[in-house]
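Letters A, B, ... are given to chains in the order of the sequence lines, protein chains preceding strands, and every chain is numbered from 1. Note that these values count all heavy atoms, side chains included, but never hydrogens, waters or copies made by symmetry. Everything numeric here is computed off the predicted structure, so don't read it as measured data.
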Amino acid sequence: GAVVSQHPSWVICKSGTSVKIECRSLDFQATTMFWYRQFPKQSLMLMATSNEGSKATYEQGVEKDKFLINHASLTLSTLTVTSAHPEDSSFYICSANWGRARDADTQYFGPGTRLTVL
Amino acid sequence: GESVGLHLPTLSVQEGDNSIINCAYSNSASDYFIWYKQESGKGPQFIIDIRSNMDKRQGQRVTVLLNKTVKHLSLQIAATQPGDSAVYFCAENRAGGSYIPTFGRGTSLIVHP
């Protein structure tokens, strides 16, 4: 089956620094990638939708200048958390749609990245 | 607004029992619903889906029921196994266009051997 990877799987950084998280579709081309954030014991909250070669579409309440998304190719999207603060500590999960996906079984989730900001 | 972001309810069952996990969705215009399983420290895994023109769909050991009248979705797991222990999320799709799931409130399933 299709595989989506994330790197790093976990990261610890100091407050005020920036952190980049990569999301890769390993064996398929993803026209659309999504970024979610999940706090402990809570649901996944969609942050933004990213299409290759265009600007990301951010959900209401998500600061685009703080969470920079770049979708440079059909297999790679990056999320950069700029000037990270302890409240940004969370589990960040990406997903990728295969083709013009209209079904859940053609959307594949990455394993997530645990970010801890000290 | 969506009914997300709350602390997770928990369902504890004995191995071999049947489990029923419930979910209330918020958007009456949603036409596609999905159940995901999320194990600790991992991303969600697709289990089963159902479209709004159906009220029941069966998979291997799992059945999803949809009641559009009361905007209720349930996941039934037959002969629950310890490996089924995880958090289960329902998700609804925004009507029209590509698949962009909105995740609902999760339920933590604990299966006791």
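Contacts between B:Gln45 and chain A at a heavy-atom distance below 4.5 Å are absent for every atom of the residue. Interface residue A:Glu59: only side-chain heavy atoms are found under 4.5 Å from chain B.
Between the side chains of A:Glu52 and A:Gln29, not a single donor N or O lies within less than 3.5 Å of an accepting N or O.
Of the residues considered (A:Trp10, A:Phe109, A:Tyr36, A:Phe39), A:Phe109 shows the highest number of contacts with chain B, using heavy-atom pairs under 4.5 Å. Between chain A and the options B:Ala91, B:Gly43, B:Ser108, the largest number of non-hydrogen pairs under 4.5 Å is found for B:Gly43.
Atom NZ of B:Lys42 sits in a sparse spot, with 12 or fewer heavy atoms from other residues, nucleotides or ligands closer than 6.0 Å.
The shortest non-hydrogen separation linking A:Gln6 to A:Tyr92 is NE2-O, 3.0 Å.
Figure legend: B:Arg51 and B:Tyr32 shown as a cation-pi pair, the cationic atom lying under 6.0 angstrom from the six-membered ring centre and within 45 degrees of its axis.
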